[in-house]
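Take a look at the structure below.
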Amino acid sequence: MTPVDVALQDALRSAIRRYVGTLADAGGAAPGRGHDTLDVDSLDIPVQSVPDDKPGDYGSPVAFSLARLLRQNPAEIARALAALVDLPVGVARIAAVGPYLNVDLDPATFVCEVIDAPLAGSATGRKIVIEHTSVNPNKEAHVGHLRNIVLGDALARIERASGNEVEVQNYIDDTGRQAAESLFATTYFDERDPGEQKYDHWLGALYVRLGRAKESDAEAIEAGVTGVMHALERGELRSEVERIVRAQLATYGALGVEYDLLVWESDVVAAGFLDRGLEVLEALPSIRRPTEGKFAGALVMDVSAFLPGLEEPLVVLVRSDGNAMYVAKDIGYHLWKIGRLEGLRYRPFATQPSGATLWTSAPEGEATVDGRSFAHGDQAVNVIDARQSHPQTIVRTALQMTSGERAVVPLHHLAYEVVTLEGQAMSGRKGITLAIDTVIDEAVRRARAVVAEKNADLSAIDDIARAVGLGALRFAMLKSEARRVIDFRWEQALSLAGDSAPYVQYAHARASSILRAAAEVAVPAGSRTTGADWTTLGPLEVRLAREIARWPGVLAAAAEDDAPHVVAQYALDLATIWNGYYNHRGADGRPDTSVMRAESGLREARIALVGKVRDTLAFALATLGIEAPEQM
RNA sequence: GCACCCGUAGCUCAGUGGAUAGAGCAGCCGCCUUCUAAGCGGUCGGUCCCAGGUUCGAAUCCUGGCGGGUGCACCA
């Protein structure tokens, strides 16, 4: 909803009220036509962008719904309303186009309004806890994880840009089987890291090797892994796991991804979240401890009241041997995320490239650090593989049961589909993977070759190649909906043309280039740009400004729906409209949108508009975690 | 078997109940005597999986099919 939309809605509403009034005056002549019962105040008045081949900038199909309510021809209603309506500020004319009511904007007013509008949302006071990455600490991260990381990071940036406080958590499953297997593999094979490759890569290879060795020596390996798992639970191998996590974090750092807090599973358990979560649950009637049947001795939760139709409505929380299931720990963790449990301790873990401190949960840490309070989210969002939708639903259901039937559980699952590799399912266990580190290197290498070819004299070529290569990679992971399967193919993922980040970055560099040339004439300062004569602007500028005007709504929708692809698609749209403007030719076949060669007054107004184009492109890319170089 | 997700141009995908369904890639034809051609314009290409229904209006909502993916452990 832009200010123009709102003003237009108000104007149309008044006109409709007046129109209905005239029908009422004609009163007895037209009984039962609906005007006497029509509730104009609550009438929905849609305002939409007009297709490019139709007259007008914005239009409303409101006459259709009125036609039904008033039993009249929609085109007639549109004509009548066009005659009755008072023009809102910024609107040059309103006319009926068939049954539609279309408006032409006043270029000067509209463009000034657009270039003065803020790009970021105002502060909401809401805190959103986003969990993403959460890669098992036993191997290098691969392109399947890349999708998770990039989605989560983009969502965090989108929520921040929308005015929310965001805390990004990365959950470390340090007591799981996978970490145990990798660590055990080093002793089983008696291998020591020669330091020739990243530690997580070296360890990942041993993990795969151990998987193969199980075929011939299953029993001994099982016993050894179990031993390591117990040691992990006692917290004895924390520094070994930390070493893996640090190696993985180097990859995320290279992608430009940072976190606020690492949450270790062993700390979640030690803080009592598991036990206290279970206490809360055990008070509920749907929690039982059967003494016979297949779940004898286990603690189970009956979810049938919330998830009808399940073949097996009982979910095991604690096994009959006394060991808690993962989902039980997850329930405790999530009760803490939304502020219903307390007790983790924290210490600094690392200083990230931006300078921000990465915190970690730690048994020996402090309860409060640096004056900040972790968790206490008004909303929690989990970026997790769609294959885990069922366990996520169980966690959500447990929170629902502890909150009351009608309570709104502030937990979202951003479920994303898998990434396949040239059509093949990836498998860490089988070693069919493609490491993020490998892809980053290749992406930057390819981008560097193109930058060197197109623009060899740029001094910051390495930085630009990095921004372009990583941008292409991230964008490929973000441009489609999360629920779509992505088949990773090199040519597609690292493409520098078409629907890609470099396309948007190029549009941004073009605008930047103009603004460099313009710097001596006028610096864009919105509607206060010196020397601008707004009345010289025309439909071409309005078309461009209309696209910019969409941004706040796009940002809000992306945040509301946890949908970064909405921002990616918008960035492509704005870049397309801007490129079209840039290359536009008049009826005589000559360029008619030149900024620097435009006459004084028009030139300054265009400089201000181009400044807004550049800022909007850069801001949209930034919410996706993609840099926008000034030159490329 | 039950549940969830997907089905739109040759391929990969956008598309908030509204105007003649749009991009990119691939194919074909054009545009650098200068604000960046990583670009722009044109052209070719559609039973929006099928059948009903709701609606003034459906790719979009509902029901039933068909095809594909995923999930349904005292694993994580």
Side-chain angles (χ1 to χ4, degrees), chain A residues 46 48 50-51 53-54 59-65 67-68 73-74 97-100 102 136 173 175-178 265 294-300 307 309-312 314-323 325-327 329-330 385-391 393 415 417-418 420 447 450-451 453-455 468 472 479-481 483-487 489 491-492 495-500 502-507 509-518 553 557 561 565-566 568-569 572-573 575-576 579-580 582-585 589 591 593-598 603 606-607 610 631-632:
Chain A
Q48 60 202 35
V50 167
D53 56 345
K54 294 282 183 300
S60 177
V62 69
F64 282 112
S65 26
R68 175 176 161 71
N73 182 326
V97 179
Y100 288 91
N102 288 4
N136 271 313
D173 181 6
T175 59
R177 172 158 206 103
Q178 305 216 37
E265 178 160 299
K294 73 187 229 191
F295 295 122
L299 185 71
V300 300
L307 302 172
L310 284 183
E311 196 172 320
E312 177 51 78
L314 296 182
V315 174
V316 175
L317 297 175
V318 180
R319 288 181 274 188
S320 48
D321 65 6
N323 287 318
M325 300 284 285
Y326 177 80
V327 70
K329 299 175 192 171
D330 222 20
D385 193 329
R387 289 177 296 192
Q388 301 215 37
S389 292
H390 183 61
T393 306
E417 270 297 340
V418 292
T420 58
V450 176
V451 178
E453 172 206 326
K454 308 253 181 195
N455 221 336
V468 171
K479 72 175 172 183
S480 302
E481 292 178 285
R483 57 172 173 265
R484 220 168 260 287
V485 175
I486 290 181
D487 187 30
R489 298 198 195 114
E491 325 82 67
Q492 252 172 268
S495 166
L496 307 184
D499 283 353
S500 68
Y503 176 85
V504 182
Q505 290 169 320
Y506 184 74
R510 254 184 176 164
S512 301
S513 172
I514 292 173
L515 293 164
R516 270 195 306 278
D561 302 337
H565 85 279
V566 170
Q569 293 293 333
L572 290 173
D573 288 342
T576 298
N579 276 330
Y582 179 90
N583 284 296
H584 195 270
R585 283 158 192 275
T593 51
S594 172
V595 174
M596 296 314 293
R597 283 195 301 276
R603 181 179 54 196
R606 282 179 172 170
I607 288 170
V610 171
Q631 299 179 64
M632 62 185 277

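Both backbone and side-chain heavy atoms feed into the values below; hydrogens, waters and symmetry mates do not. Throughout, protein chains are lettered first and strands after them, A, B, ... in sequence-line order, and every chain is numbered starting at 1.
When heavy atoms are screened at a 4.0 angstrom cut-off, A:Val450 is found touching base atoms of the nucleic acid. Among the atoms of the strands shown, base atoms are found under 4.0 Å from some heavy atom of A:Ala296. If you check every strand for non-hydrogen atoms under 4.0 Å, A:Val451 touches a base. Across all strands shown, A:Arg585 has heavy atoms under 4.0 Å from sugar-phosphate atoms exclusively, and none from any base. At the heavy-atom level, A:Glu311 lies under 4.0 Å from base atoms of the strands shown. Residue contacts shown for A:Ser60 are absent, as no nucleic acid heavy atom lies under 4.0 Å away. Within the 4.0 angstrom heavy-atom criterion, no nucleotide atom of any strand lies near A:Asp573. Looking at heavy-atom distances under 4.0 Å, A:Val50 makes contact with a base. Nucleic acid contact class of A:Glu312 (heavy atoms, under 4.0 Å, all strands): none. Within 4.0 Å (heavy atoms only), A:Pro74 reaches no atom of the nucleic acid at all. Among the atoms of the strands shown, none is found under 4.0 Å from any heavy atom of A:Ser389. Nucleic acid contact class of A:Arg387 (heavy atoms, under 4.0 Å, all strands): sugar-phosphate only. Within 4.0 Å of A:Tyr100, counting heavy atoms only, lies at least one base atom of the nucleic acid. A:His584 comes within 4.0 angstrom of nothing in the nucleic acid, heavy atoms only.
Between A:Val468 and A:Ile514, the residue anchored closer to the 5' end of RNA chain B is A:Ile514, taking for each the nucleotide with the nearest heavy atom. Judged by closest nucleotide on RNA chain B, A:Arg597 is the one of A:Arg597 and A:Pro502 placed further toward the 5' end.
Across the C1' atoms, B:rG17 and B:rA38 are found 39 Å apart, a figure rounded to whole Å. The separation of B:rA58 from B:rU43, taken at their P atoms, amounts to 28 Å, rounded to a whole angstrom. When the C1' atom is compared between B:rA19 and B:rU12, the two are found 28 Å apart, to the nearest whole Å. B:rG57 and B:rC40 are spaced 39 Å apart, taking the P atom of each and rounding to whole Å. Comparing B:rG24 with B:rC5, their C1' atoms sit 25 Å apart, to the nearest whole Å. A gap of 7 Å separates the C1' atoms of B:rG22 and B:rA14, to the nearest Å. Taking atom C1' on both B:rG15 and B:rA9, the two are 14 Å apart, rounded to the nearest angstrom. Comparing the C1' positions of B:rU8 and B:rU47 gives a spacing of 12 Å, expressed to the nearest Å.
When Watson-Crick and G-U wobble pairs are counted only if both distances are under 3.5 Å, B:rG39 pairs with B:rC31. Of all nucleotides present, only B:rC13 satisfies the Watson-Crick or G-U wobble test against B:rG22, with each distance under 3.5 Å. With a cut-off of 3.5 Å on both Watson-Crick or G-U wobble distances, the partner of B:rC61 is given as B:rG53. With a cut-off of 3.5 Å on both Watson-Crick or G-U wobble distances, the partner of B:rG67 is given as B:rC6.
To the nearest 0.5 Å, atom NZ of residue A:Lys329 and atom OG1 of residue A:Thr175 are 4.0 Å apart. Taken from CE in A:Met632 to CG in A:Leu496, the straight-line distance is 7.5 Å, to the nearest 0.5 Å. Annotation: the span from A:Arg177 atom CZ to A:Asn136 atom CG amounts to 12.0 Å, rounded to 0.5 Å. A distance of 12.0 Å separates CZ of A:Arg484 from NZ of A:Lys479, quoted to the nearest 0.5 Å. To the nearest 0.5 Å, atoms OH (A:Tyr582) and OG (A:Ser594) are separated by 8.5 Å.
Listed by chain and residue number, nothing satisfies the salt bridge (Lys or Arg N to Asp or Glu O under 4.0 Å) test with A:Arg510 (two or more places apart in sequence, or in another chain).
Using a 4.0 Å cut-off between charged nitrogen and carboxylate oxygen, A:Glu491 and A:Arg489 do not count as a salt-bridge pair.
For B:rC32, the base adopts the syn conformation, since its glycosidic angle falls within 90 degrees of zero.
When RNA chain B is scanned in the 5' to 3' direction for atoms under 4.0 Å from non-hydrogen atoms of chain A, the outermost contacting nucleotides are B:rG1 to B:rA76.
Using modelled atom types, one finds a donor on one side chain and an acceptor on the other under 3.5 Å when comparing A:Tyr503 with A:Asn579.
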**Prompt:** Does the side-chain contact (heavy atoms from CB on, under 4.5 Å) test come out yes or no for A:Leu307 and A:Thr393, once each step is laid out?
**Reply:** CA-CA 9 Å; A:Leu307 302 172; A:Thr393 306; 3.6 Å; yes
